[in-house]
There are 2 protein chains.
Amino acid sequence: MLQHQAPPSLDPVFQALADPSRRSMLERLTLGPASVSQLAEPLPMTLAAVGQHIAVLEAAGLVKSQKVGRVRTCTLDTTVLTQAEKWINDLRVAVERQLDRLGVYLAETKPADEA
Amino acid sequence: MLQHQAPPSLDPVFQALADPSRRSMLERLTLGPASVSQLAEPLPMTLAAVGQHIAVLEAAGLVKSQKVGRVRTCTLDTTVLTQAEKWINDLRVAVERQLDRLGVYLAETKPADEA
DNA sequence: GAGATACTAAAGGAAATGCTTCAGCATCAA
DNA sequence: TTGATGCTGAAGCATTTCCTTTAGTATCTC
């Protein structure tokens, strides 16, 4: 059966992005794939905690990983990242349109007013 | 790159965006300013709960509000929204650059289609 | 095989989150 | 003034989050 994607929730994505440790892990992954230990190295917490953060990131769809031997290698997946970006962008654009309409309305209602 | 201002944390912004009720409130606010009651109207929760959500949105800087008489009117503020969007975009662009470099590396290392 | 390495699972605890109810306080309308 | 409206503060409660420690398992190195 074809895997048809149901619209993935933005909840776990924004939730995952809300943590500074997880964001720094994502930033690290922009340099290239990394193991759990490598992701843990700069962080002031145990390896177990980092493993749990990775689970959160994977559940959100932000990170993929595969284990080869005893090393789990993580990579970024930008799919849901793009969806989150689009949600924010849509919202921002909608606000700006609303403000434009307000501006037009004010200009038409109260024309040629000197400040 | 100028950094004209103390960096406001993205933590509370993404945290605020992680809740579907709060995201729906933000979407409502793209239509124009709204009172607490108006924001609460479509939501299956008490007015008090909505008030708490608004406090979260305001603490994150996503919403501004002012009280006139007994009515608090909320509006969207896109400043931090833009910053969150930029963080995501920067990350995504960095990943794509990384993947490009990887592609170049593979092309140079293992030239073309011969084994 | 012995020991080091790289995780991973489980349990637990402090704090945060997302609600509720109840009570109260201004404000507006009649 | 009486009463309805719009919100707000406080307390409480169930759940989730973020971390710890402990105790593993699987893998690599020697």
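The structure presented is a predicted model; accordingly, all values stated were derived computationally and were not measured. Every chain is numbered from 1, with letters handed out A, B, ... down the list of sequences.
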B:Thr46 side chain to B:Ala49 backbone, donor-acceptor under 3.5 Å: yes
Value in whole Å for how far the P atom of D:dG6 lies from CD of B:Glu41: 12 Å
Validation row: B:Glu27, A:Trp87 side chains within 4.5 angstrom (heavy atoms): yes
Within residues 15-36 of chain A, residues whose heavy atoms come under 4.0 Å of DNA chain C: A:Ser35, A:Val36
Selection: residues 42-64 of chain A, any non-hydrogen atom under 4.0 Å of DNA chain D: A:Met45, A:Thr46, A:Ala48, A:Ala49, A:Gln52, A:His53
Side-chain touch B:Leu26/B:Leu17, heavy atoms, less than 4.5 angstrom: yes
Check: B:Glu41 side chain, B:Gln38 main-chain N or O, donor-acceptor pair, under 3.5 Å: no
Exercise: identify the closest heavy-atom pair between A:Leu57 and A:Ala16: CD2-CB, 4.1 Å
Spacing between A:Gln66 atom CD and C:dT8 atom P, to the nearest angstrom: 13 Å
Protein proximity profile, nucleotides 24-30 of chain D - base contact B, sugar-phosphate-only contact S, no contact -, cut-off 4.0 Å on heavy atoms: ---BS--
Sidechain-backbone polar pair: B:Arg22 side chain, B:His53 backbone, donor-acceptor under 3.5 Å: no
Carboxylate-amine/guanidinium proximity below 4.0 Å for A:Lys64 and A:Glu58: no
A:Arg23 bridged to A:Asp19 by N-O distance under 4.0 Å: no
From CG (B:Leu43) to OG (B:Ser24), nearest 0.5 Å: 4.5 Å
Rounded interatomic separation in angstrom, taking CG from A:Leu39 and C1' from C:dC7: 13 Å
Least distance between heavy atoms, A:Leu76 atom then A:Leu62 atom: CD2-O, 3.5 Å
Under 4.0 angstrom between B:Lys67 side-chain N/O and D:dT8 OP1 or OP2: yes
